[in-house]
> 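Structure incoming, see below.
It should be emphasised that the depicted structure is a prediction, and the values quoted were computed from it without experimental measurement. Here is how names work: the chains are called A, B, and so on, in the same order as the sequence lines, proteins then strands, and each is numbered from 1.
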Amino acid sequence: MLDVEKIRLDFPILTKEIFGNPLVYLDNAATSQKPRQVIDALIDYYENFNANVHRGVHTLSVEATDRFEDAREKVSSFINCESSDSVIWTRNASESLNLVAYSWGEHNIGEGDEILLTPMEHHSNLVPWQELARRKNAVIKFIPMLENGTLDMDQVDDLITEKTALVSAVHMSNALGTINPVRELAEKAHRSGAKILVDGAQSVPHMPTNVQELNCDFLVFSGHKMLGPTGIGALYVEKEILESMEPFLTGGEMVLEVSYQKASWADLPMRFEAGTPNIADSIGLGSAVDYLNGLGMENVREHEKDLTAYALYRFRKADLEGLDLFGPDDPNIRGGVFSFNTPDVHPHDLGTFLDRMGIAVRTGHHCAMPLVRSLGVAATTRASFYLYNTEKEVDILVDAVTEALRYFRDGPN
Amino acid sequence: MYDLEDLYQEIVMDHNRRPRNFGELSDPTNSADGFNPICGDQIALQLFIEDGIVSDVAFNGVGCAISKSSASMMTEELKGKTLEHAEQLFEAFRKMITRTPGEPYDSNLLGDLEILQGVSQYPARIKCATLAWHTLHSAIQDGNEVVSTE
């Protein structure tokens, strides 16, 4: 069990008021808030350890390098990697995906090869593959989705063939909250010789992640959605595959020896980290990992599962006219993401109304345009929870949505 | 309750519920489509222009209360106006919506469209209000490209 009231004290921003109302922050699928510990780690780095890493012989550089590599170790253990050499720092999940598309995809996916995706991918796990497919004349296929927002797993065996080079799937949908059976997908992909990539941008912050148990070849995620700073993300690649991959960006830091004519590459993981890395934010992410470990990811998941069950119950009980709630009904296969449509009130109007009550939600297509269109709407309103959200905040949300529907039907009074 | 009424005035809500000139023209001389990729709002605008005068206008699409009422009010305002006047309205409207607090705007020229001046206090909603007007500008210029707010 999480002591949420105590946890909330760690997050300075949660005491903020918006238009005179306490902030109810429900836009966690976009980015999470940061605890004092992470903010302090950034200040501590800049005040006490700021230096460039890896090449310096001076004390500060050694200390900065230690802290930088220590953060990599923390992230590596957090997802249970065999070795931290398999963890590459990137800016975010999008950069991680582009790295895989260029450094692995470019050399391992050819004409007529197939890339299998789900219909609920974020644009970041769709567009890089569309571009690769265009360059290589490869083919993109999709696992069909059932009415309840889950994948039609019965069709997967027919869709994965000897032509399939890669299965790339989101672990938790940012638009529906659906938790996909990626371990089963990994098993099926490997059985026919394909690789599997898991987009963990929404899952790694919210549930325990074990790359060995998932048996995935690639895992991508972002730091800012898991209490860390913006501008830092990570890519895990299975070691043997990573060793076979060509560099993504070239230049400083990623080389072993350079002449005027050519260069040879540094060892892993630096081979994939050209230029001065994002030292401060890596250390910040390491601190976020410490914070999450202190709470226990099992407990985080349990708390959010309870909140999800409660929100499902409250939305059903409110019985709001015409309200369409997307995604699975079962909290066991759903994260704390609530996308809904109110036919008589446009998401933008609802978002503005909720904002005036201090409630931060996202409105739009959530960077999953084809998915949201397939739901038959142009946009949805999305509330997404994290470890500091409470049942009381769910009440505030449902009551405010109820009031908004009344306001736009009957006008103010 | 709150100051939402600055944004959602009764006239705005009325245009949202019962948009005017909503539909299609049978034989438009000019048309353009507008799209706001951030929220998915879409508008298809059609004009019938005779001797430099907007003699008929219609719009279709999906959008929030602000974008729909803005489009609806725009169509009411345009009928019988010269293209030159329409472009002046476009400029004046854009200036009113994007102004900084306290900055004046041409309320004489804008007339009823002034109802939407409160949008200027909601930076996230400015594009909702201006989508129809950018689409109008494109239709008059006879660009048949889709106008995007981004």
Side-chain angles (χ1 to χ4, degrees), chain A residues 17-22 27 30 123 127 175 339 341-382 396 399-413, chain B residues 1-19 22 33-44 59-72 97 115-132 135 146 148-150:
Chain A
E17 292 196 341
I18 306 284
F19 300 110
N21 296 299
D27 196 16
H123 297 160
V127 180
S339 261
N341 181 45
T342 46
D344 297 333
V345 183
H346 189 280
H348 251 59
D349 296 318
L350 184 55
T352 294
F353 185 94
L354 296 179
D355 180 50
R356 289 280 136 167
M357 298 175 118
I359 306 168
V361 296
R362 189 142 292 249
T363 58
H365 50 63
H366 318 300
C367 292
M369 250 192 237
L371 171 68
V372 170
R373 276 193 190 139
S374 77
L375 300 173
V377 295
T380 76
T381 304
R382 181 187 73 187
I396 293 172
D399 291 346
V401 172
T402 310
E403 173 60 15
L405 297 190
R406 192 205 61 73
Y407 180 94
F408 284 98
R409 192 187 55 228
D410 304 335
N413 50 54
Chain B
M1 189 183 91
Y2 322 106
D3 52 347
L4 274 176
E5 283 76 39
D6 283 350
L7 190 63
Y8 297 113
Q9 301 211 18
E10 191 43 45
I11 295 178
V12 172
M13 300 288 252
D14 183 59
H15 277 271
N16 177 43
R17 279 189 286 259
R18 299 186 301 115
F22 194 72
D33 293 330
F35 180 50
N36 182 346
I38 301 293
C39 57
D41 284 0
Q42 283 173 17
I43 177 174
F59 81 101
N60 218 330
V62 288
C64 62
I66 303 303
S67 77
K68 223 198 283 178
S69 60
S70 177
S72 172
I97 296 289
I115 292 283
L116 285 165
Q117 63 83 22
V119 176
S120 66
Q121 295 161 42
Y122 293 79
R125 306 303 301 275
I126 287 169
K127 285 170 180 168
C128 309
T130 54
L131 177 63
T135 310
V146 176
S148 170
T149 55
E150 292 311 300

> Could you walk me through whether A:His346 and B:Asn16 satisfy the side chain to side chain donor-acceptor pair (under 3.5 Å) test, starting with their C-alpha distance in whole Å, then the side-chain angles of each, then the deciding distance to 0.1 Å, before giving a yes or no?
CA-CA 10 Å; A:His346 189 280; B:Asn16 177 43; over 6 Å; no

> Taking NZ, NE, NH1 and NH2 as the nitrogens, is one of them in A:Arg356 or A:Glu403 under 4.0 Å from a carboxylate oxygen of the other?
no

> Can you tell me which portion of B:Tyr8 sits under 4.5 Å from chain A's heavy atoms? Options are side chain, backbone, both or neither.
both

> Salt-bridged, B:Lys68 to B:Asp41, with N to O below 4.0 Å?
no

> Identify which of A:Val372, A:Thr352, A:Thr380 forms the greatest number of heavy-atom pairs closer than 4.5 Å to chain B.
A:Thr352

> Can you tell which part of A:Arg409 gets under 4.5 Å to a heavy atom of chain B, answering side chain, backbone, both or neither?
backbone

> Would B:Ser72 and B:His15 count as a side chain to side chain donor-acceptor pair (under 3.5 Å) here? Give the steps.
CA-CA 6 Å; B:Ser72 172; B:His15 277 271; 2.6 Å; yes

